[in-house]
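So the structure is just underneath, and the comments pick up after that.
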Protein chains: 2
Amino acid sequence: MIFMTKADKTPWNGCPVRYAAGVFGDKWSFVLLRDVLLHGKRYYGEFLASDEGISTNILASRLAHFVETGMLTRHVDSTARNKVFYRPTDKSRALLPALLGMMVWSTEFDPCSAAPPSFAPAFRSDPKGTIAWYEAEIDKVDKGLPAAEA
Amino acid sequence: MIFMTKADKTPWNGCPVRYAAGVFGDKWSFVLLRDVLLHGKRYYGEFLASDEGISTNILASRLAHFVETGMLTRHVDSTARNKVFYRPTDKSRALLPALLGMMVWSTEFDPCSAAPPSFAPAFRSDPKGTIAWYEAEIDKVDKGLPAAEA
DNA sequence: CAATTCACTTGCAAATAACAAGTGATATAC
DNA sequence: GTATATCACTTGTTATTTGCAAGTGAATTG
């Protein structure tokens with residue numbers, strides 16, 4: 001479990017910010033959420049292949065943590081049983097608004113931002129519509145996955 | 001600098017999620033942002049006193065990182081020159097929407113959440129108004145601070 | 001002017017991350 | 001049907017980061 005110190009015997013005793021920090025408060029969780037929610041990645045091998053170069057042990061531990069915390073569910077690919085994929089749950093999908101909000105912030109303050117200039121204005125003028133668009137993309141990806149199997 | 005690995009020579013080359021992870025993608029940054037933006041804390045001693053029990057070296061390094069990345073400015077208290085306070089900048093204040101979004105998410109999914117039940121509905125029905133309320137609280141706190149001095 | 005407060009710094013032990021090299025299960029090629 | 005390759009991890013080792021305790025020097029208080 002991320003986030004437990006001496007002064008913090010009870011895991012996070014109700015503070016929402018600390019709860020969030022416990023679930024995804026580290027850099028690799030950020031990029032995994034991006035890959036799942038924004039880039040349509042589902043397979044272990046896809047996560048491993050992303051530009052940041054996460055190492056296999058860290059990837060495995062973060063995926064396990066996300067499964068434990070109900071952010072992802074793990075499935076064996078029924079058409080290729082040596083492959084494994086992870087699906088976002090309602091809980092992780094519900095982070096989309098916050099994640100998009102962070103991205104708007106980054107595009108505003110990162111001088112090197114490579115986000116399309118239309119993104120921040122679009123989100124600001126119609127946040128619900130923008131979120132709905134990403135939700136629909138997630139649905140499309142998940143429709144293309146093999147039948148779920150624990 | 002947070003977030004540099006072998007495969008990541010150029011700091012974050014444009015990805016907004018990675019930029020965000022580099023600036024505040026660790027658990028202590030989350031709670032410091034909470035303390036500054038939501039709890040009106042400004043002084044080194046106030047941050048140190050928060051429930052989580054951050055240690056002095058980590059606090060110093062995180063504050064320095066926030067100053068480097070333009071999230072906070074450091075000031076010597078002109079009425080007590082052995083005390084130091086940190087003010088949020090426009091950049092950190094601009095994170096309020098994302099931070100509040102995370103908190104809404106936490107209150108929805110943390111079974112132990114101690115957030116007032118009115119918070120999430122209030123934010124959902126009037127996000128701009130809720131954000132404006134927190135902005136105003138920040139302004140109030142900053143008005144009470146001694147004259148800025150580098 | 002002695003004791004205290006304050007914002008850090010330093011040193012060290014423990015935890016975590018990064019990297020490299022397996023391992024066992026499944027899948028593909030012949 | 002067997003050899004090879006692919007896949008999702010584990011394991012082991014080293015490097016980096018964290019956490020804790022104990023300073024340190026400047027400024028303040030008594």
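Keep in mind that the numbers below use all heavy atoms, side chains included, and drop hydrogens, waters and symmetry copies. In the text below, chain A, chain B and the rest are named by the order of the sequence lines, each starting its count at 1. Since this is a predicted model, take the numbers as computed values, not measurements.
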Fill in: Rounded interatomic separation in angstrom, taking CH2 from A:Trp28 and P from C:dA18
6 Å
Worksheet item: With A:Tyr134, which of A:Asp139, A:Leu38, A:Leu99 fulfils side-chain contact (heavy atoms from CB on, under 4.5 Å)?
Response: A:Leu38
Worksheet entry | Lys/Arg N to Asp/Glu carboxylate O, A:Lys140 vs A:Glu135, below 4.0 Å | no
Discussion item. Would you say that A:Tyr86 contacts A:His75 through its side chain, given a criterion of any heavy-atom pair below 4.5 Å between the two side chains?
Written reply: no
Practice prompt. Produce a footprint string for nucleotides 8-15 of chain C: one letter per nucleotide, 5' end first; B if the base is under 4.0 Å from any protein heavy atom, S if only the sugar-phosphate is, - if neither.
Written response: BBBB----
Worksheet item: Tell me: CG of A:Leu59 to P of C:dC19, nearest whole Å?
Response: 14 Å
Fill in: B:Ile54 vs A:Glu46, nearer the 5' end of DNA chain D by closest nucleotide
A:Glu46
Worksheet item: What parts of residues 34-43 of chain B reach DNA chain D, counting only heavy atoms under 4.0 Å away?
Response: none
Worksheet item: Quick one: does A:Val23's side chain get under 4.5 Å of A:Met71's, heavy atoms only?
Response: yes
Worksheet item: For B:Asp77 and D:dT29, what is the distance between atoms CG and P respectively, to the nearest whole Å?
Response: 11 Å
Worksheet item: Phosphate oxygens OP1/OP2 of D:dT18: is one of them under 4.0 Å from a side-chain N or O of B:Arg62?
Response: yes
Worksheet item: Looking at A:Lys27, does any N or O in its side chain come under 4.0 Å of the phosphate oxygens OP1/OP2 on C:dT16?
Response: no
Discussion item. Show, in sequence, the C-alpha distance, side-chain angles and deciding distance for A:Phe66 and A:Trp28, and conclude whether the ring pair (Phe, Tyr, Trp, His ring centres under 6.0 Å) test is met.
Written reply: CA-CA 11 Å; A:Phe66 273 152; A:Trp28 289 117; over 10 Å; no
Worksheet item: Are A:Asp51 and B:Arg18 side-chain neighbours, meaning at least one heavy-atom pair lies under 4.5 Å?
Response: yes
Practice prompt. Tell me, with the steps shown, if B:Phe85 and B:Arg74 meet side chain to side chain contact (heavy atoms under 4.5 Å, CB included).
Written response: CA-CA 6 Å; B:Phe85 63 92; B:Arg74 197 191 103 111; over 6 Å; no
Item to complete: Applying ring-ring contact (aromatic ring centres under 6.0 Å, His included) between B:Tyr19 and each of A:Phe30, A:Phe109, A:Trp105, report the one that passes.
Response: A:Trp105
Worksheet item: Taking atom C1' of C:dA3 as reference, at what distance in whole Å does atom CG of B:Asn82 sit?
Response: 14 Å
Practice prompt. Establish, yes or no, whether the cationic atom of A:Lys83 lies under 6.0 Å from the six-membered ring centre of A:Tyr43 and within 45° of the ring axis.
Written response: yes
Worksheet, complete the sentence: Taken to the nearest whole Å, CD1/A:Ile58 to C1'/D:dA15 is 12 Å
